Number of protein chains: 2
Amino acid sequence: MKHTYEYPRAALTVDCVVFGFDSGAAGLQVLLIRRGLEPFKDHWALPGGFVRLEETLDTAARRELEEETGLKDLFLEQLYTFGTVNRDPRERVVSVAYYALTKPVAHTTAASTDAAEARWFPVSDIPALAFDHAEIFTAALTLLRSKLTYQPVGFELLPPKFTLTQLQRLYESVLGTDIDKRNFRKKVLSHDLLIPLKEQHREGPHRPAQLFRFDPVKYERLKKKGFLFEI
Amino acid sequence: MKHTYEYPRAALTVDCVVFGFDSGAAGLQVLLIRRGLEPFKDHWALPGGFVRLEETLDTAARRELEEETGLKDLFLEQLYTFGTVNRDPRERVVSVAYYALTKPVAHTTAASTDAAEARWFPVSDIPALAFDHAEIFTAALTLLRSKLTYQPVGFELLPPKFTLTQLQRLYESVLGTDIDKRNFRKKVLSHDLLIPLKEQHREGPHRPAQLFRFDPVKYERLKKKGFLFEI
DNA sequence: TGACTTAGTGTTATATTAACACTATATATC
DNA sequence: GATATATAGTGTTAATATAACACTAAGTCA
């Protein structure tokens with residue numbers, strides 16, 4: 001079925017920059033898919049696709065993410081809309097970019113899904129990307145860094161139970177700085193957002209670490225207030 | 001001439017929230033136009049319109065602004081893209097929203113242009129708006145408030161030469177708070193961004209005020225660094 | 001010339017941030 | 001089971017930033 005309009009129209013897509021975090025050496029990761037079709041066939045690209053007329057932009061982003069990577073129910077926010085004239089060699093395409101944060105548990109789920117070839121790459125070493133996706137990725141990383149310093153979004157990247165050291169590694173990895181351990185713990189705990197669990201995390205020949213979870217109610221309140229979470 | 005596509009496509013528009021500032025009682029203002037056509041004929045709305053295929057989103061925003069209000073060369077940044085399904089009663093329309101800041105000199109120019117009926121309204125008292133423009137306006141005002149506290153964008157709303165009192169009134173008006181005069185001046189001057197002029201501003205039966213302009217080079221540097229300008 | 005009105009200026013208390021080193025407690029090994 | 005090892009966990013102090021506060025200066029106007 002054909003659709004006809006008085007004036008020419010741009011195609012509208014969504015693209016998602018999905019961040020994951022590995023407390024080990026790998027650090028901050030981004031999820032890419034390999035394109036199966038031209039243009040940029042076999043190139044790596046951000047997951048995304050066309051917006052349908054009956055769905056909102058957010059819905060489209062979530063749908064495409066699930067279709068292409070198997071990930072769902074993740075933290076997702078609009079980033080910026082990219083609309084230069086020749087972004088896509090075929091025709092005018094305007095893309096609403098999103099960034100998403102996901103917990104390690106979801107990671108493995110995604111990796112085992114083979115609906116499409118999807119792979120995690122460390123942000124410090126990503127391959128050449130299709131279209132203007134490198135630019136979108138850079139914008140997302142910049143936003144994540146900035147966001148991390150004034151909103152408590154970091155928890156979205158950690159498993160439900162985590163240690164303070166894991167949280168600190170996350171901040172250090174994303175921001176690319178070293179943080180003083182004592183100052184970090186003081187600051188983080190002062191927000192009264194973390195709930196200590198009865199469990200401990202045991203790993204290796206050393207003292208086990210206290211596990212925490214964050215209080216989702218206080219978390220939502222802080223996010224809306226634009227509360228400063230600077231480290 | 002008709003244009004035909006395989007799948008249905010949303011129409012793409014830009015809408016602009018233009019802020020102006022009046023150092024007097026009026027304070028922060030927003031520029032609205034009265035719609036001449038259905039839907040929402042005779043309602044007030046944000047200036048904006050359809051994006052052409054051969055222009056970027058930014059270009060479209062600037063073009064529409066000039067066409068509808070006569071304003072050009074103003075500070076303009078993308079805000080958010082609004083894409084709920086029934087924003088427009090006619091058909092699916094996705095709108096990339098921008099916010100713009102303009103100096104008082106430009107104001108009067110705009111007011112005298114009668115390309116369309118355009119009028120300034122104090123942000124504390126705006127009329128009912130067409131479409132979801134009230135939501136867009138609120139998002140823009142929230143962003144402006146937040147931006148003002150961490151980037152030196154306030155100067156975009158002032159004339160090229162201004163006094164420290166005018167700058168303080170601007171901050172107070174936008175943020176809705178009272179600021180201590182001495183602390184404000186200390187902080188603002190400490191950024192080494194303001195250049196004192198040889199001129200003074202005389203008005204009324206009292207001591208004249210020193211005029212300043214801001215250093216555009218340092219200004220750009222601070223903007224890029226995401227430098228904190230908190231008051 | 002005196003009343004009026006806004007411009008302009010410093011100090012101190014308080015809060016926040018930054019710098020810094022040792023003890024605690026588990027596992028692994030001998 | 002004694003010891004080595006590796007990470008967890010903890011307080012104090014100096015430096016810096018913020019917040020609170022009141023008077024003098026310099027014009028105009030009556």
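A quick note: this is a predicted structure, and the numbers were derived from the prediction, not measured. Lettering follows sequence order; numbering is per chain, from 1.
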Please list, chain by chain and in numerical order, all residues satisfying salt bridge (charged side-chain N to carboxylate O under 4.0 Å, His left out) with B/Glu77, sequence neighbours excluded.
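Salt bridge (charged side-chain N to carboxylate O under 4.0 Å, His left out) list for B/Glu77, sorted by chain: B/Lys147.
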
To the nearest Å, give me how far apart [atom1] ([X]) and [atom2] ([N]) are.
X	N	atom1	atom2	value
A/Glu199	C/dA26	CD	P	16 Å
A/Arg202	D/dA6	CZ	C1'	15 Å
A/Asp178	C/dC20	CG	C1'	15 Å
A/His191	C/dT16	NE2	C1'	12 Å
A/His201	D/dG9	NE2	C1'	15 Å

Show me the donor-acceptor pairs within less than 3.5 Å that the side chains of residues 204-219 of chain A make with the rest of the protein, sequence neighbours left out.
unit_1   : atom_1 : unit_2   : atom_2 : d
A/His206 : NE2    : A/Glu203 : O      : 2.5
A/Asp215 : OD1    : A/Val217 : N      : 2.9
A/Asp215 : OD1    : A/Lys218 : N      : 3.3
A/Lys218 : NZ     : A/Asp192 : O      : 3.4
A/Lys218 : NZ     : A/Asp192 : OD2    : 3.2
A/Tyr219 : OH     : A/Pro152 : O      : 3.4
A/Tyr219 : OH     : A/Glu156 : OE2    : 2.7

Partners of A/Arg87 by side chain to side chain donor-acceptor pair (under 3.5 Å), sequence neighbours excluded?
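Side chain to side chain donor-acceptor pair (under 3.5 Å) check on A/Arg87 returns A/Asp132.
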
Reading nucleotides 6-11 of chain C 5' to 3', which nucleotides get B (base under 4.0 Å from a protein heavy atom), which S (sugar-phosphate only), which -?
BBBBBB

Using side-chain heavy atoms (C-beta onward) and a distance below 4.5 Å, is [X] in contact with [Y]?
X	Y	answer
B/Phe82	B/Asp15	no
A/Phe137	A/Val123	yes
B/Leu31	B/Leu71	yes

Does the side chain of A/Thr81 pick up a donor-acceptor pair with the side chain of B/Thr81 at under 3.5 Å?
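A/Thr81 vs B/Thr81: donor-acceptor pair found between side chains.
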
Take the C1' atoms of the five end pairs on each side of the helix from C/dT1-D/dA30 to C/dC30-D/dG1, derive the two axes, and give their angle rounded to 10 degrees.
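About 0° separates the two local helix axes.
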
Using the test side chain to side chain contact (heavy atoms under 4.5 Å, CB included), find all partners of A/Glu64 that sit at least two apart in sequence or belong to another chain.
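Partners of A/Glu64 under the side chain to side chain contact (heavy atoms under 4.5 Å, CB included) test: A/Val14, A/Glu67, A/Glu68.
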
